[in-house]
Amino acid sequence: MPTRLSHLFLRTLRDDPADAEVASHKLLVRAGYIRRQGPGLFAWLPLGMRVKAKVEQVVREEMAAAGAQEVHFPALLPKEPYEATGRWEEYGDGIFRLKDRKDADYLLAPTHEEVFTLMVKDLYSSYKDLPVTIYQIQDKYRDEARPRAGLLRGREFTMKDAYSFDATDEGLAQSYEAQRDAYERIFSRLGLDYVIVKADAGAMGGSRSEEFLHPSPVGEDSFVRTAGGYAANIEAFTTVVPDALSLDGVPVAQVFDSPDTPTIDSLVAFVNKNHAREDARAWDSGDTLKNVVLALTHLDGSRELIAVGLPGDREVDLARIEVAFAPAEVEAATEADFAKNKALVKGYIGPWSESGAVLGEKGTSKIRYFVDPRVVDGTQWITGANLNEKHALFVTAGRDFVADGVIECAEVRAGDPAPDGSGPVEIARGIEIGHVFQLGRKYAEALGLKVLDENGKLVTVTMGSYGIGVTRIVAVIAEANHDDKGLVWPREVAPFDVHVVATGKDDSVFDIADGLIAGLEATGLDVLYDDRAKVSPGVKFGDAEIIGVPVILIVGKGAADGKVELWDRRSGERTELAIADAVASITALG
RNA sequence: CGGGGCGUAGCUCAGCUUGGUAGAGCGCUCGCUUUGGGAGCGAGAAGUCGCAGGUUCGAAUCCUGUCGCCCCGACCA
């Protein structure tokens, strides 16, 4: 039986909802697929349910083809497993926590590594049981600081999360490849553009990690790529390290007065005027070493000041620094921080001074000092001299100072060279639609998942985790497949195969439509039938456009003469057909 | 958490500056007409004006507080 529009639980809206910003959000609400229930929370209406089910179906088929088995865990879980791995604390405000009547702590799971690991531990104890990959399609909960863009970042969302368990590293590599391949097939079938980027393993721990990003201006992730095929999340981009320079013949460091030069620009202008270079070139901001004091907040709540040094023509990128110090949080140092550290002369901080080092674990400030990878031995810098209104020239890395470490602390810019030598990078935005991780043994270790190997020895299992945002993908497909009239679904996920519009004052159109629908359904197609009487053609056409079923069959003014029209929603093209040929023409579309 | 904006009918909004007891369009109900691009005419139903205090004879409107939401940033397997 067709789904009749006269009875479908649906109301299309003429206006964009006031709270929607991105196209997918506006259209999914206007076309009656979803409705907002609260910040980052959405109800799914019949049309939306169908599309979501189609996406899930593609995922299930490819998971099965990759040898993964479906299970289902509760979204509501006790805190203990998450305490064992430290994530109960690490997640901070990011998860929904609640208590039962006995005052025991629970959480709405943001992801399920712990309980999957424990389940495998419960059931398996031999290497012969491995490898195994299990997955679920399930709702996840995160108390996002700022839900946004409708389905793209919600507080409840559906995710396919798979977990692989192997006895060996080689096994993990294979399990990882199997999921990665499955993801490529899934996104291809869904007709989604994607870029696989190197990702930061971050708080999840582990080693290899890649994200599947759908390039889109509304994406929240920045990534870099080159024409030569390199791609990385901007947080995982690694700077090309220059060769160290010889220290021979480098002038000795020299302090100079630099009144009223607290900023890089003012400093560069000052040295060009008063300490011009001997060669033809002028000093520029890249000759200066910018030293920025930051505050780390460690998991235990303790606060530590650090300093980072980077070329003065670069901005500090806090997100990249957080990667280096995860799971600590990073923020700019406050006035209070400076007040507490008298050794710091704001605006004139540097790694070297005539009276000895200020920065660094061994310096008078005891503040750990990290430098950008470009600050290699032998590079000379104009930088602060740790005295008010004084800077120093020719402060040379490896001679005048040695940092406590090297971290990626600078912004990535378009044109920077890729680490694999494939050329200059461009920066683009993308939406994360999938993420594959080699977790390694972190969770198995923490939760005691071990199996006996062929020698009878206990070995810790190594794991991978693999996520796909199902509801986010619905939004991404909508984002990538719409025009100014409404949605245009790819056939693979369209809520229906054919949308039959019967329109005309003669009731015979409904009889003719009934006959065509019977023929279409006999071939296995799902039909949405606009059988509404007393609704004008304009309304029906408008609804067909916003709902976005790609194939529309109009039974209207030509029907009495044996003609119907096939309307391609995507191209807008309408083709007149003989009624007798209509079913065959539609099934021939594939 | 910082910055900005907004809360009035199911939806999108006007009214607020200059207080006088609430409106439009869309949607919904009924009747007649209409039927290839969101129809016409007529008659209706529908709102604690986010909430709480205050000022005032009188508050959607002015004042204070509070809650909520949206956007930017920070944050985000």
Between [X] ([atom1]) and [N] ([atom2]), how many Å, whole number?
X: A:Asp530; N: B:U35; atom1: CG; atom2: C1'; answer: 13 Å
X: A:Leu45; N: B:C11; atom1: CG; atom2: P; answer: 14 Å
X: A:Lys563; N: B:G36; atom1: NZ; atom2: P; answer: 19 Å
X: A:Arg532; N: B:G27; atom1: CZ; atom2: P; answer: 12 Å
X: A:Leu318; N: B:C1; atom1: CG; atom2: C1'; answer: 15 Å
X: A:Glu411; N: B:A74; atom1: CD; atom2: P; answer: 13 Å
X: A:Ile552; N: B:G36; atom1: CD1; atom2: C1'; answer: 14 Å
X: A:Leu10; N: B:G10; atom1: CG; atom2: C1'; answer: 14 Å

Work out how far the [atom1] atom of [N] is from that of [M], and round it to whole angstrom.
N: B:U21; M: B:C41; atom1: P; answer: 29 Å
N: B:G3; M: B:G38; atom1: P; answer: 48 Å
N: B:C6; M: B:G53; atom1: P; answer: 25 Å
N: B:C28; M: B:C72; atom1: C1'; answer: 38 Å
N: B:G5; M: B:G23; atom1: C1'; answer: 24 Å
N: B:C51; M: B:A22; atom1: P; answer: 16 Å
N: B:C13; M: B:U18; atom1: P; answer: 26 Å
N: B:C11; M: B:A74; atom1: P; answer: 32 Å

Distances for protein N or O near nucleotides 68-72 of chain B N or O, under 3.5 Å:
| unit_1 | atom_1 | unit_2 | atom_2 | d |
| --- | --- | --- | --- | --- |
| B:C69 | O3' | A:Arg36 | NH2 | 3.0 |
| B:C72 | OP2 | A:Arg146 | NH1 | 2.9 |
| B:C72 | OP2 | A:Arg146 | NH2 | 2.7 |

* **Over 12 non-hydrogen atoms of neighbours within 6.0 angstrom of NE2 in A:His72** => yes
* Quick one: pull up CD1 in A:Ile306 and SG in A:Cys409 and give me the separation to the nearest 0.5 Å. => 8.5 Å
Could you tell me whether [X] contacts a base, only the sugar-phosphate backbone, or nothing, with contacts defined as non-hydrogen atoms closer than 4.0 Å?
X: A:Arg153; answer: base
X: A:Glu565; answer: base
X: A:Gly504; answer: sugar-phosphate

Between [X] and [Y], does any side-chain N to carboxylate O distance fall below 4.0 Å?
X: A:Arg87; Y: A:Glu113; answer: yes
X: A:Asp105; Y: A:Arg97; answer: no
X: A:Arg314; Y: A:Asp372; answer: no
X: A:Asp317; Y: A:Arg413; answer: no
X: A:Asp568; Y: A:Arg570; answer: no
X: A:Lys79; Y: A:Glu83; answer: yes

Does [N] have a Watson-Crick or wobble partner in any strand here, with both distances under 3.5 angstrom, and which is it?
N: B:C49; answer: none
N: B:C62; answer: B:G54
N: B:C13; answer: B:G23
N: B:C41; answer: B:G31
N: B:C69; answer: B:G5

* Structure fact -> The residue, A:Lys557 or A:Tyr466, whose nearest nucleotide of RNA chain B is more 5′ is A:Lys557
* To do: Would you kindly compare A:Pro17 and A:Ile554 by the position of their nearest RNA chain B nucleotide and give the one closer to the 5′ end?
  => A:Pro17
Acceptor/donor pairs from residues 551-567 of chain A side chains to any protein atom, 3.5 angstrom cut, sequence neighbours excluded:
none

* Give a yes or no on whether the ring-centroid distance for A:Phe212 and A:Phe187 is below 6.0 angstrom. => yes
Do any N or O atoms of the protein come closer than 3.5 Å to N or O atoms of nucleotides 38-42 of chain B, and which pairs are they?
| unit_1 | atom_1 | unit_2 | atom_2 | d |
| --- | --- | --- | --- | --- |
| B:G38 | O2' | A:Arg14 | NH1 | 2.5 |
| B:G38 | O2' | A:Arg14 | NH2 | 2.5 |
| B:G38 | N2 | A:Val539 | O | 3.4 |
| B:G38 | N2 | A:Asp543 | OD1 | 2.7 |
| B:A39 | OP2 | A:Ser536 | OG | 2.9 |

* For a side chain to side chain contact (heavy atoms under 4.5 Å, CB included) with A:Thr12, tell me which candidate from A:Leu47, A:Val539, A:Asp543, A:Val29 qualifies. => A:Asp543
